[in-house]
J.: 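If you scroll down you'll find the structure; I have some questions about it.
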Amino acid sequence: MPVSTTDSASMTPEELAKLTRVPRRHTGRWIAAAILVLLVGFIVSAFARGEINWSTVGSYLTDRTILDGLINTVAMTFLAMFVGITIGAISAIMRLSPNPVLRTVSLAYVWLFRGIPQLLQLYIWYNLALVFPTLGIPGIAETQTVDVMSPLVATVLGLGLCQGAYTSEVIRAGILSVDQGQIEAAQGIGMTRLLIMRRITMPQAMRVIIPPVGNEFISMVKLTSLASAIQYTEMLHSAQNIYFVSGEVMELLFVATFWYVVVVSLLSIAQHFIEKRFSRGYGPTRSSRRRPSIQSGEATA
């Protein structure tokens with residue numbers, strides 16, 4: 001007969017030993033899984049029967065032009081995120097500073113660059129020569145802006161500065177998540193603000209900072225595709241250069257899709273291990289996740 005968890009609490013160990021645990025039947029899960037499998041199968045079948053030359057897709061996966069674009073995409077992702085994280089960290093510290101001038105500058109930076117779309121920022125930086133024909137010190141060291149503001153530099157500035165505004169708020173939230181009592185205790189034993197930030201605040205804040213920054217890192221892989229608008233040779237631009245000549249539009253778009261998914265998958269795996277590294281000591285331990293012998297299910301004698 002069914003025995004509830006409340007009834008089992010009053011049983012002797014001998015009576016509990018005679019019980020056989022019957023797992024719950026998750027009918028709804030199986031139905032949902034079956035519907036999902038059918039839906040995925042329908043989509044795959046539709047593309048398989050569509051007018052797509054899959055042999056062409058396979059042949060272009062390792063094409064030199066595509067691989068060069070892939071390398072540029074990955075390189076731009078790391079460059080833009082390096083700029084974004086560096087500026088974001090400085091901006092977050094300025095925002096938390098008791099100096100009102102630093103706080104105002106940080107607030108203005110975040111307000112401005114979060115308010116301008118990334119594509120628009122790319123256009124502004126790429127066409128900066130229309131506003132400033134030359135850069136440098138007049139009469140001493142000048143250079144043509146058009147020579148400096150290449151598609152690479154414009155993309156790094158456009159994506160990196162915008163990313164820094166978002167990263168600034170993420171880092172600030174992570175710093176604020178640290179218990180103020182620990183900071184006051186560190187001040188009480190004579191630690192400087194810089195030492196407290198390095199030894200106390202940031203190691204604990206990283207647990208909060210890593211997940212959203214990791215997501216932003218993955219999003220940056222896809223945002224680099226905007227650089228094709230200013231002729232930066234990333235992966236989408238490389239695919240476009242090929243299908244403008246060959247006319248195999250969908251095939252080249254699937255090639256670009258494949259490599260985007262590969263890069264994002266690898267970064268997701270790396271993010272998982274980094275989060276695991278900085279989350280040590282938080283959350284349930286492995287032993288606490290073990291199920292007891294009698295749980296809130298039904299058992300039969």
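Below, all heavy atoms of this structure are taken into account, side chains as well, without hydrogens, waters or symmetry copies. Just so it is clear, the structure is predicted and the values come from calculations on it, not from any experiment.
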J.: Would you say V208 and V170 make side-chain contact, with heavy atoms under 4.5 Å?
T.: no
J.: How long is the straight-line distance from CD1 of I124 back to CG of L157, given to the nearest 0.5 Å?
T.: 12.0 Å
J.: One pair to check against side chain to side chain contact (heavy atoms under 4.5 Å, CB included): L236 and L253. What are the steps and the verdict?
T.: CA-CA 8 Å; L236 180 59; L253 291 180; 4.2 Å; yes
J.: If we only count heavy atoms from C-beta on, is the I66 to L61 side-chain gap below 4.5 Å?
T.: no
J.: Could you tell me if the side chain of L130 sits less than 4.5 Å from the side chain of N127, heavy atoms only?
T.: yes
J.: Are I210 and R277 packed together at the side-chain level, in the sense that at least one heavy-atom pair is separated by less than 4.5 angstrom?
T.: no
J.: Please find the pair of heavy atoms, one from A229 and one from L119, that lie closest to each other, and give the distance.
T.: CB-CD1, 3.7 Å
J.: Please say which of L128, T134, T143 ends up in a side-chain contact (heavy atoms from CB on, under 4.5 Å) with V148.
T.: T143
J.: Minimum heavy-atom separation for S238 to T233, with atom names?
T.: OG-CG2, 3.6 Å
J.: Taking F258 as the starting point, is it possible to reach W54 by hopping between hydrophobic residues whose side chains are less than 4.5 Å apart?
T.: yes
J.: Is there a side-chain contact between L122 and L159 (heavy atoms, below 4.5 Å)?
T.: yes
J.: Would you say V245 and F254 are hydrophobically clustered, going by side-chain heavy atoms of ILVMFWY under 4.5 Å?
T.: no
J.: Can you find a side-chain donor-acceptor pair between N99 and S97 that sits under 3.5 Å?
T.: no
J.: Would you compute the distance between atom CG of D63 and atom OG1 of T56 and round it to the nearest 0.5 angstrom?
T.: 11.5 Å
J.: Going only through I, L, V, M, F, W and Y residues with side-chain contacts under 4.5 Å, is there a path from L223 to L267?
T.: yes
J.: Show, in sequence, the C-alpha distance, side-chain angles and deciding distance for C162 and I116, and conclude whether the side chain to side chain contact (heavy atoms under 4.5 Å, CB included) test is met.
T.: CA-CA 8 Å; C162 182; I116 305 176; over 6 Å; no
J.: Mark yes or no for whether Q271, through its side chain, and P211, through its backbone, hold a donor-acceptor pair below 3.5 Å.
T.: yes
J.: Side-chain contact test, heavy atoms from C-beta onward, threshold under 4.5 Å: evaluate it for Q231 versus H237 and give yes or no.
T.: yes
J.: Measure across E234 and A227 and return the closest heavy-atom pair with its distance rounded to 0.1 Å.
T.: CG-CB, 4.3 Å
J.: So for atom CZ, which belongs to R199, do other residues, nucleotides or ligands contribute more than 12 heavy atoms lying within a distance under 6.0 Å?
T.: no
J.: Regarding S91 and S106, is there a side-chain donor-to-acceptor distance under 3.5 Å anywhere?
T.: yes
J.: Between F217 and F78, does the ring centre distance come in under 6.0 Å?
T.: yes
J.: Between OG1 of T155 and CD of Q121, what distance do you get to the nearest 0.5 Å?
T.: 11.5 Å
J.: Would you call L161 and I87 a side-chain contact if the rule is heavy atoms closer than 4.5 Å?
T.: yes
J.: OG/S168 to OH/Y109 distance, rounded to the nearest 0.5 angstrom?
T.: 7.0 Å
J.: When clusters are formed by joining ILVMFWY residues with side-chain heavy atoms under 4.5 Å apart, either directly or through shared neighbours, do L226 and V221 land in the same one?
T.: yes
J.: Counting only N and O atoms by type, is there a donor-acceptor contact under 3.5 Å from the side chain of T167 to the main-chain atoms of G164?
T.: no
J.: Look at the side chain of T145 and the backbone N and O of P133, then say whether any donor-acceptor pair between them is shorter than 3.5 Å.
T.: yes
J.: Do the side chains of F278 and I209 get nearer than 4.5 Å, heavy atoms only?
T.: no
J.: Would a distance-only check, ignoring hydrogens and angles, find a side-chain to backbone donor-acceptor pair under 3.5 Å from Q144 to D147?
T.: no
J.: Restricting to non-hydrogen atoms, name the atom on G174 and the atom on A205 that form the minimum distance, rounded to 0.1 Å.
T.: O-CB, 3.2 Å
J.: Check step by step if side chain to side chain contact (heavy atoms under 4.5 Å, CB included) holds for S225 and M235.
T.: CA-CA 7 Å; S225 62; M235 190 157 48; over 6 Å; no
J.: Please walk me through it: do Y243 and M250 pass side chain to side chain contact (heavy atoms under 4.5 Å, CB included)?
T.: CA-CA 9 Å; Y243 73 61; M250 287 302 298; over 6 Å; no
J.: Establish whether I274 and I85 are linked, either directly or via other cluster members, by ILVMFWY side-chain heavy-atom contacts under 4.5 Å.
T.: yes
J.: Any ion pair linking E169 and R95 (charged N to carboxylate O, less than 4.0 Å)?
T.: yes
J.: Given 3.5 Å as the limit, does a donor-acceptor pair link the side chain of Y166 with the main chain of G88, or not?
T.: no
J.: If I take atom OG from residue S59 and atom CD from residue E248, how far apart are they, to the nearest 0.5 angstrom?
T.: 7.5 Å
J.: Any chance you could measure L70, atom CG, to Y260, atom OH, to the nearest 0.5 Å?
T.: 9.0 Å
J.: Is a side-chain N or O of Q204 found less than 3.5 angstrom from the main chain of I200, in a donor-acceptor match?
T.: yes
J.: Test Q163 against Q118 for side-chain hydrogen bond (donor to acceptor under 3.5 Å, both in side chains), laying out the working first.
T.: CA-CA 9 Å; Q163 182 59 47; Q118 288 96 327; over 6 Å; no
